[in-house]
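Take a look at the structure set out below.
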Amino acid sequence: MQISSKFDHTKIEKKWYSFWNKNNFFNSEPDDREPFTIVIPPPNVTGLLHMGHMLNNTIQDILIRKARMMGKNACWVPGTDHASIATEAKVVENLKSLGLNKSEISREEFVKHAWEWTEKYGGGILDQLKRLGCSCDWNRTKFTLDDDMYESVILAFIDLHQKGYIYRGYRMINWDPEAETTVSDEEVNYVEEESSLYYLNYPIDGSKEKLIIATTRPETIFGDTAVCVNPKDKRYSKFVGKEAIVPICDRKIPIISDPYVDIEFGTGCLKVTPAHDLNDYNLRNKHKLEIIDIFDSKGRFNENGLHYKNKDRFEVRKEIVKELKEKKILNKSEVYKHNVGRSDRTNAIIEPKISRQWFLKMDQISKPAITNVLKNENIKFFPKKFKSTYRYWLENIKDWNISRQLSWGHQIPAFYYGENKEEYVVAQNKNEAKKIIEKQKGLKLKDDELIQDEDVLDTWFSSWLWPISVFDGIRNPENQEIKYYYPTQDLVTGPDIIFFWVARMIISGYEFRDEKPFSNVYFTGIVRDKLGRKMSKQLGNSPDAIELIDKYGADSVRVGLMLSSAAGNDLLFDESLCQQGKNFTNKLWNALRLVNGWEVDDGKEISEVNSLALEWYENKFNQVLDLINKNYKNYRISDVLMSSYRLVWDDYCSWLLESVKPEFGEKIDNQTKSKIKSLFEDNLKLLHPFMPFLTEEIWYQLASRTSSESITISKWPDSNKFKNDIIINFEIAKDIISYIRNFRKEKNIPFKKELSLYFASKTSDLHYISIIKKLVFLNKIEYSEKDKFKSVNSFIIGSIEFFIPLEGDIDLKSELDRLNKELDYNLKFLKSVENKLKNKSFIDNAPKDIVEKEKKKVSDAKSKIEVIKKALSDLS
RNA sequence: GGGCGCUUAGCUCAGUUGGUUUAGAGCACUUGGUUUACACCCAAGGGGUCAUAGGUUCGAAUCCUAUAGCGCCCACCA
């Protein structure tokens with residue numbers, strides 16, 4: 001049967017994925033093996049696979065497959081996140097296209113739409129992960145709004161409320177006028193933007209003088225409730241205590257002083273708008289000022305905006321500048337750069353707003369998160385550098401605003417009652433709430449006398465429980481699963497969600513289970529294009545993930561991604577990396593074709609060449625295996641790939657297979673072929689975590705297997721001792737081979753023409769003679785005196801002098817040049833080492849073994865120089 | 001403004017507690033190659049004063065200081 005010389009990934013990927021699934025190789029149940037657990041960072045339920053997901057999930061799959069082969073009970077829990085703001089925004093968009101407005105339908109109707117949307121578009125990303133080859137336990141797939149997950153979130157809320165960590169309060173919060181909800185501090189991105197600084201005239205009551213106030217937001221004058229100057233500012237001290245008149249509104253406001261005001265900035269006068277600026281709000285608290293809110297939830301002016309009522313804040317800015325100019329209130333304006341906060345989700349400019357929200361007190365419950373990462377390293381970060389980011393956030397932690405004015409999510413389990421619905425209880429549901437009220441207050445309430453809070457919880461308030469809730473550890477803390485799988489081992493995620501998610505999972509882990517959620521955190525970098533730009537839809541520089549898989553195959557894409565992605569470093573992605581991956585798959589495929597094509601001669605004994613080559617490769621393999629195991633421990637995954645790549649391509653294919661390959665028309669002995677195959681299988685195992693599909697295919701082609709077998713569940717190769725001598729001696733043989741190949745090339749001697757190689761003095765240091773002979777087509781390698789030949793090319797490798805007899809005359813000059821160059825180099829080298837040894841402080845201070853090494857260098861160099869000198873004198 | 005990190009071959013990066021003259025790898029590049037595994041290949045080769053300036057040391061890409069450039073995170077200066 002003829003196997004195609006090109007490997008066709010399309011045929012085998014589907015076949016093997018369904019094979020794995022059918023045989024439940026990825027499923028995990030608690031047993032007596034050691035567990036190895038990863039919970040997936042749940043992607044947005046309606047999202048699509050992008051390059052970041054590909055990288056992140058490839059790494060997780062590598063870790064989980066490796067663990068599975070190590071004999072651990074590997075469990076990778078997949079799932080999706082309801083992503084409240086993002087999904088709700090999409091649903092609102094969709095409703096609009098149907099001619100429906102969110103505000104016109106009931107909450108129940110909206111949630112129903114959202115579920116329909118989720119069922120229609122959701123979960124696609126999980127199927128895409130299957131294309132990548134991810135070995136998740138699909139029986140465990142979770143969604144953050146599943147009933148059990150929902151209940152867990154509610155119970156966690158109730159628990160924290162009972163412990164007194166959750167409270168309700170008025171605070172200055174970040175308002176996203178587009179999504180019409182609050183967002184947490186972490187969800188606000190500050191971007192430097194160019195705008196204008198306007199200088200406005202504020203008349204002083206009962207005086208002809210005026211104050212000039214610099215502001216970037218002239219439209220907020222409607223919310224002004226004071227003017228503030230620095231108490232040390234002599235220019236204005238006479239005005240403090242008087243009143244200024246807000247232009248256009250003609251309202252009188254007090255002139256106060258506070259050291260917060262920077263004398264140097266602008267004119268040194270600050271207008272105070274407590275409802276729409278955090279600092280102003282702080283001033284208001286200190287000086288007991290009035291608060292005037294001027295916006296509605298969409299960022300439009302309310303009645304306090306007078307004739308601008310119902311107009312958008314930015315529209316008004318333009319218009320009011322015009323009005324102020326006309327009324328000669330605008331003194332001047334200048335271009336000004338400052339930071340503007342934008343919503344992470346909608347990119348709308350954030351409006352600071354005072355609002356009543358739910359908060360989680362963080363100072364107490366976050367304590368273990370500091371100790372266990374920074375003090376005792378119970379949780380390790382890879383790379384370490386992110387610990388300092390983490391530390392800063394935790395040491396300056398603020399209370400977490402957990403309520404969102406949305407419908408898609410976990411509805412806050414607070415029930416309001418009483419005349420103004422100001423009193424509330426927190427309970428799992430209305431009935432529970434009624435019971436509690438009756439017990440506490442003796443009130444018997446009817447259903448319609450209780451109203452549940454309209455808000456939902458921040459999405460991260462469900463994700464922070466993920467490693468616990470997927471094993472039902474909140475509702476049922478003593479169940480077998482949570483006890484077995486928790487804490488999980490590795491978390492693979494991006495550093496961009498270190499606060500949103502990683503830190504909070506650690507906090508919740510200690511709070512709810514008094515135990516870390518995972519032992520190691522691997523931070524991936526950002527996938528950028530080759531110009532270093534972040535991949536984004538707008539730039540159109542992100543390749544379509546599925547198209548890449550179609551084009552190159554999942555294995556090639558995985559290899560491409562892993563070729564250059566040290567933990568935490570950004571990855572500059574280019575399609576040529578996938579091509580490199582594809583070339584590698586092709587190389588492996590052809591190695592299979594070669595090996596499988598060999599015909600066996602049962603009567604044939606193993607040759608010296610073959611047994612030497614096999615012995616060398618086994619040693620080499622074990623040396624590399626050691627390195628690979630070490631690199632896995634340190635999460636140096638791309639180094640693991642690179643060592644495996646070179647082992648297979650260079651050592652296995654280029655050296656071993658070329659060494660044992662039968663001559664044309666010859667057959668191979670049985671022993672060599674079976675050994676070559678079993679070494680091939682070991683290679684495949686090392687590569688399997690990176691290239692699951694191809695390795696399975698080849699593994700099956702190499703031997704007849706039963707359908708219950710799979711490389712997926714095969715055993716990772718054992719580490720065996722290796723002899724360094726063998727590896728070093730083979731390196732010398734490689735050098736000799738390279739020299740002769742180069743010699744042929746330079747002298748234009750065809751490969752087919754046999755050569756003879758001699759060594760000029762008797763030695764026992766020369767090994768692998770038979771292999772050298774075979775690989776560079778020599779008829780002999782033996783001792784001879786040089787002067788038996790008319791002309792020779794001599795060279796030194798190690799400390800052995802070799803020569804190749806030449807036909808006809810030699811190019812004396814070029815030979816002399818070559819040898820002189822080598823002599824020169826060695827003399828210089830000798831001198832520098834001797835100088836080092838002459839240095840008394842070196843001898844006194846350097847460790848003994850270093851000095852010994854240097855001494856050996858001297859003797860080696862000396863003998864080499866002798867050889868070269870002799871070769872030179874032979875020539876002349 | 002504060003903090004962290006980076007700067008090594010054309011590109012992407014290794015270089016683990018300072019110890020091979022002439023600092024490694026992969027890719028790219030150059031040259032040669034119709035031997036029946038693979039041109040998605042084979043073989044050989046070229047290429048770096050380790051950002052700059054000082055310092056510590058017998059010895060520095062590696063440790064210290066300063067400078068420049070780049071990146072990231074945090075921060076309410078109107």
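The chains referred to below are lettered A, B, ... by the order of the sequence lines, with proteins before strands, and numbering in each begins at 1.
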>> Just to be sure I understand the rule, does A:Lys271 reach a base, reach only the sugar-phosphate, or reach nothing, if contact means heavy atoms closer than 4.0 Å?
In response: nothing
>> According to side-chain hydrogen bond (donor to acceptor under 3.5 Å, both in side chains), who are the partners of A:Glu666, at least two apart in sequence or on a separate chain?
In response: none
> Expressed as a whole number of Å, how far does the P atom of B:G1 sit from that of B:A28?
Replying inline: 44 Å
>> Taking any heavy-atom pair under 4.0 Å as a contact, classify A:Phe499: base, sugar-phosphate, or nothing.
In response: sugar-phosphate
> For A:Arg636 and B:G15, is the shortest distance between a side-chain N/O and OP1 or OP2 below 4.0 Å?
Replying inline: yes
>> Determine whether a donor-acceptor pair (one donor, one acceptor, N or O, separation below 3.5 Å) exists between the side chain of A:Lys745 and the base of B:U31.
In response: yes
>> Rounded to whole Å, how long is the line connecting atom CZ of A:Phe777 with atom P of B:A43?
In response: 18 Å
>> Taking atom types as they are modelled, would you say the side chain of A:Glu658 forms a donor-acceptor pair with the base of B:A37 within the 3.5 Å cutoff?
In response: yes
>> Of the listed nucleotides (B:A44, B:A25, B:A37), which one gets closest to any side-chain atom of A:Leu657?
In response: B:A37
> Checking all strands, does A:Arg217 fall into the base, sugar-phosphate, or nothing category for heavy-atom contacts under 4.0 angstrom?
Replying inline: nothing
> Quick one: side-chain hydrogen bond (donor to acceptor under 3.5 Å, both in side chains) partners of A:Tyr652, sequence neighbours excluded?
Replying inline: none
> Is the distance between the ring centroids of A:Phe381 and A:Tyr390 under 6.0 Å?
Replying inline: yes
>> With rounding to the closest Å, how many angstrom separate the C1' atoms on B:C63 and B:G15?
In response: 16 Å
> With a non-hydrogen cut-off below 4.0 angstrom, is A:Tyr392 in contact with a base, only sugar-phosphate, or nothing?
Replying inline: sugar-phosphate
>> Can you tell me if A:Ser738 touches the phosphate of B:A44, counting only side-chain N or O atoms and a distance under 4.0 Å to OP1 or OP2?
In response: yes
> Can you name the side-chain hydrogen bond (donor to acceptor under 3.5 Å, both in side chains) partners of A:Glu731, sequence neighbours left out?
Replying inline: A:Lys734
> Does A:Tyr190 put a side-chain nitrogen or oxygen below 4.0 Å from OP1 or OP2 of B:C73?
Replying inline: no
> So what does A:Lys6 hit on the nucleic acid, given a heavy-atom distance under 4.0 Å: a base, only sugar-phosphate, or nothing?
Replying inline: base
> Does the side chain of A:Val660 come within less than 4.5 Å of A:Tyr617's, by heavy atoms?
Replying inline: no
> Atom CZ of A:Phe386 to atom P of B:G3: distance rounded to whole Å?
Replying inline: 19 Å
> Phosphate oxygens OP1/OP2 of B:C38: is one of them under 4.0 Å from a side-chain N or O of A:Asn583?
Replying inline: no
>> When the P atoms of B:G46 and B:G24 are compared, how many Å lie between them, rounded to an integer?
In response: 12 Å
>> Measuring from the side chain of A:Asn569 (C-beta onward, heavy atoms only), which nucleotide among B:A14, B:C41, B:A43 has the closest atom?
In response: B:A14
>> Between B:U12 and B:C4, how many Å separate the two P atoms, rounded to a whole number?
In response: 26 Å
>> Looking at B:C27, I'd like to know if its phosphate oxygens (OP1 or OP2) sit under 4.0 Å from a side-chain N or O belonging to A:Tyr645.
In response: yes
> Looking for any heavy atom pair under 4.0 Å, which part of the strands does A:Thr273 touch: base, sugar-phosphate only, or nothing?
Replying inline: nothing
>> Just by distance, no angles: are the side chains of A:Ser195 and A:His338 close enough, under 3.5 Å, to form a donor-acceptor pair?
In response: yes
>> With nearest nucleotide decided by heavy atoms, which residue, A:Phe7 or A:Leu830, maps closer to the 5′ end of RNA chain B?
In response: A:Leu830
> Distance check: side-chain N/O of A:His338 vs OP1/OP2 of B:C77, anything under 4.0 Å?
Replying inline: no
>> So that I can compare with my own list, what are the stems of RNA chain B, taken as at least three consecutive Watson-Crick or G-U pairs with distances under 3.5 Å?
In response: B:1-7 with B:68-74, B:10-13 with B:24-27, B:29-33 with B:41-45, B:51-55 with B:63-67
> Between B:U16 and A:Lys630, is there an OP1 or OP2 to side-chain N/O distance shorter than 4.0 Å?
Replying inline: no
> So what does A:Asn742 touch, heavy atoms closer than 4.0 Å: a base, only the sugar-phosphate, or nothing?
Replying inline: sugar-phosphate
> Would you say a side-chain N or O of A:Trp649 is under 4.0 Å from OP1 or OP2 of B:C42?
Replying inline: yes
> In whole angstrom, what separates A:Leu374's CG from B:C4's P?
Replying inline: 14 Å
> Taking only residues two or more places apart in sequence or in another chain, which ones pass side-chain hydrogen bond (donor to acceptor under 3.5 Å, both in side chains) with A:Lys387?
Replying inline: A:Glu377
>> Let me spell it out: for each of A:Glu264 and A:Lys385, pick the nucleotide of RNA chain B with the closest heavy atom. Which residue's pick is nearer the 5' end?
In response: A:Lys385
>> Using the side-chain contact (heavy atoms from CB on, under 4.5 Å) criterion, which residues pair with A:Asp344? Sequence neighbours excluded.
In response: A:Glu187, A:Asn189, A:Phe500
